[in-house]
Amino acid sequence: MSKAELATAYNPQEHEQLIYTTWEQAGFFNPDNLPLEHTEPFAIMMPPPNVTGVLHLGHALENALMDTMARFQRLRGKKVLLLPGTDHAAVATQARVEKNLIESGKHTNPRQELGREKLLEVIREYAENSKSHIITQIKRMGTSCDWDRLAYTFDEQRSQAVTTLFKKMYDDGLIYRGYRVVNWSVTGQSTCSDDELEYTERTAKMYTFKYSKDFPITIASTRPETKLGDTAVAVHPSDPRYQQYVGKTFTVDVGAQKPLTIKVIADPHVDRLLGTGALGVTPAHSHIDYELYESRKGTADEIALTQVIGEDGCMTEAAGSEYAGLTVEAAREKFVHYLRDNDLLEQEEEITQNVGTSDRFGDIVEVVPMTQWFVAVNKDIPGRNKTLKDLLREAVTTGHKGDNNQKVAITPDRFEKIYLHWIDNLRDWCISRQIWWGHRIPAWYPPQNSSTQTDSQPEIYVGTQPPADTWKQDADTLDTWFSSGAWTFSTLGWPAQTKDLTDFHPTQWMQMGHELVFFWMARMILMSTYALDQLPFHNVYIHGLLRDEHGRKFSKSLKNGIDPIELSDKYGTDALRMSLLIGISPGNDSKFYEEKVEHWRNTINKFWNIARYILMNVTEIKRIPNQPPAQTLADEWILAEFDQLITDTTEHFANYQFSLAGEKLYEFTWSKLADWYIEIAKVEKNKDEILLFILEKLLILWHPFTPFVTETIWKQFETNELLMVQAWPSTMHSQTIPATFTKIQTIITSLRNARAQAKAPPGKVIPATITTQDSTELVTNNQAIIEQLARVNLTISNQPYTGQHISCIEHDYELYIPVTDTVKQALDTVKQSLQNYIAALEKKLANEQFVAKAPKEVVTQEQQKLTEAQEKIAKMV
RNA sequence: GGGUUCAUAGCUCAGUUGGUUAGAGCGCAUCCUUGACGUGGAUGAGGUCAGAGGUUCGAAUCCUCUUGAACCCACCA
């Protein structure tokens, strides 16, 4: 093989594009093309980025995580499938496009002005653009995903899965159409689920008042205008203050056209100590009040429901003609005025409260009753004697179907608790949206029923095609998370029973940000355990959020966003990946700034130069399959260190401790291999085999993190194989790191230190003497190394030294170099700290308890430390 | 109201099941064009691990409380 010709500095721009193309052409991103020995499947489904725009740093982090894991597993011989995709992201995308249209000044109300088909076309075009951009970006990140299996939540295959799933759940009675209160975004003119609410704090006024003079109970509210829709007052069953009124119905005049009919009911959920201890019940505009209403339906205690706020966010006729058409704010003001004028207002108090706003449209969400589609989470699944909630719980507690081996392991495990708590509070999931961008609800109504939606039981047909042409499809679309929930199996061909499904489901590993635990992780568990009777994945790794250097979120409004592609251009993708992965721990947010990328660019360049040195200096570039024998102490040391590195790296990767794996690799490569062994190799010579052996395996170990630079260097070995499918190195486990080498290192460092203190010019060779009472063999054997690395001319003796020189003591050796005052001073400081150290150790060992109770090896260890320190100081005095 | 996480060198962060004289990077100081690398090399300064108690022979690590920061959840009437 010819000698290497490599540039003095690594330039990622020159190589990355080419390397990615090489990989794509080789076909190993597709598991079907992997060499036959890759048998055990390992699947990771990429969380599909929303087609709302370009990828940000968070996506870069996810790609780095997934690809590092995928490459590690592939190198370990797994049949790896990393399946890429994008998400149509229903509301998010439509909201974005509408916003763009309005901001561009072309439209003021895109839905009205364009109509359904035309608007959908605009959104589709936007989404397609965004998709191709995203795919380019994923490739830039080096992600080794199978482009043959590229999926989109809104493509035909996935739509079929969604329809099938919907029908299956409908037939099982788990999806129903019903009239219930929902969260309504007036701006978006659509429902949203509880999880799509973002709570923001604001100050509000709490009003304490009576409906009328002759009504005996005082209530409180921050939304007095909704009280026009009250139909009951709830009190605690054993509250003596109100017991006499329970069961009675009052007709109260609230100054509106129609008087209210208020029934006093008793309910144990009422907190006697909160507020006035009595709760004005507004079934139409509060989730909890609705439950009070629903649980009494059909009983003697039944209460009514009056909707006073409409879909337009204004008061309805039911609020009375004086109020109808007013905005809620205006109605509130008017009603409070009335209360004040009639002396009914007892108290006004400023409080801070959390209000739910729509995460996509931003407006405060109104609770209104409507006919919508829901997933019933508390209903028994036919033939399984379990509810969807039960399935959700089982997956992380007892294991699916009580099987401990079918358990989703969450890293870090604290998210288990958060997840379970979420299940406890979970209500039926509203899945219908009134936006247009999304999977159309596969339900059909006969022509005559189309306008009378509030009828309790309209005729419904659920399926792909209507029973007759005259039937009309439901106008609504599905919550985007309904399709995302099926992602782990819709991507593998379900509902068809494909080979992919058999091979790769349940998937092995999934990573996501903690904000998606409820939205997505939970929904995937729900869908998969329900539809496939399988877990969606065995392991979930939850990563934190990336923040800027000040700890703020990256956001458009703060304009603090950093484009990952720009960083990739400037520093290389490998450096970007490292900067994202090192220094993070599962579940915790981390700060990101450009200096990190710069540091890793430097590290990669260092690695490049290590390879360059080795490849340019060996007589022949060749692969060394087996560990070469050690000729010297240094050889023995580096081989043992390398063996340990393999063990550590493997373990850390397998435990998802990416940061630790990276730190170990970094430390070995720079601080051990480059700083010591290569420098020694220049003195000892003839180390071609060991250097090549280590380089080759080290390329493999780094490859999951830094695929581009490692594959580029690998080309110098001139094999026709690719690095990405080499075998992960195995360890010998039998090698111990020789402590004697550490002594040589310490001697060298000590001599360098002494030189620096003596102000000896770095290039100048100075005389030094080493004396020892023990054998001089170790020092003699490594004399050349010490002389070269410490730049000294060495005299070795086993006789006490008598000259006019200053000493420092390391292990059993006394080191002497020519005396200067600065060295004396430095030596005094060392002596002082050594004395403190000895004192601490003596105290510890004098403690009988310690000697009695601590494990023997710890005591011996401490004793040894003391002896060493004492000997050292004895020689210094 | 309930819950979670975090607090370690000037800055950003590691520190796996309690046993190191507590580590790294950046920054800082002194010095070095020794032909792999100045995107480099050598050496060094800098920390009572937020505070107070406790458990233990032994705590940055476990427990309790306090202080400060961030976040999640909830039917705050």
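Throughout, a chain's letter reflects where its sequence line sits, starting with A, and its residues are numbered from 1.
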Protein-to-nucleotide contact annotation, 5' to 3' order, nucleotides 13-25 of chain B [B base; S sugar-phosphate only; - none; under 4.0 Å, heavy atom]: SS-B--BSB---S
Per-nucleotide protein contact string for nucleotides 33-43 of chain B, where B marks a base within reach and S marks sugar-phosphate only (heavy atoms under 4.0 Å, - for neither): ---BB-BSSSS
Plane angle bin for F653(A) and F705(A) - parallel if under 30°, tilted between 30 and 60°, otherwise perpendicular: tilted
Residue list, side chain to side chain donor-acceptor pair (under 3.5 Å) with [X], at least two apart or on another chain:
X       : result
Q644(A) : D648(A)
S193(A) : E196(A)
S579(A) : none

What residues form a salt bridge (charged side-chain N to carboxylate O under 4.0 Å, His left out) with [X], not counting sequence neighbours?
X       : result
R223(A) : E225(A), E366(A)
D230(A) : K227(A)
R414(A) : none
K263(A) : none

Under 4.0 Å between any heavy atoms, over every strand shown, what does [X] touch: base, sugar-phosphate, or nothing? Just pick one.
X       : result
V270(A) : base
I219(A) : nothing
R223(A) : nothing
H421(A) : sugar-phosphate

State the pairing partner of [N]; accept Watson-Crick or G-U wobble contacts with both distances under 3.5 Å, and report none otherwise.
N      : answer
G46(B) : none
U39(B) : none
C6(B)  : G68(B)

Between C1' of C72(B) and CG of L197(A), the distance in whole Å: 14 Å
Donor-acceptor pairs are to be reported for all side-chain atoms of residues 850-860 of chain A against protein atoms at under 3.5 Å, with residues two or more places apart or in another chain.
residue, atom, partner, partner atom, Å
T860(A), OG1, K856(A), O, 2.6

A22(B) versus G46(B) - spacing of their P atoms, nearest Å: 13 Å
C1' gap between U8(B) and G25(B), integer Å: 15 Å
Atom pair CD1 (I678(A)) and CG (N609(A)), whose distance is rounded to the nearest 0.5 Å: 10.0 Å
Within residues 409-417 of chain A: residues closer than 4.0 Å to RNA chain B (heavy atoms): R414(A), K417(A)
Partner set under side chain to side chain contact (heavy atoms under 4.5 Å, CB included) for E598(A), not counting sequence neighbours: Y571(A), R601(A)
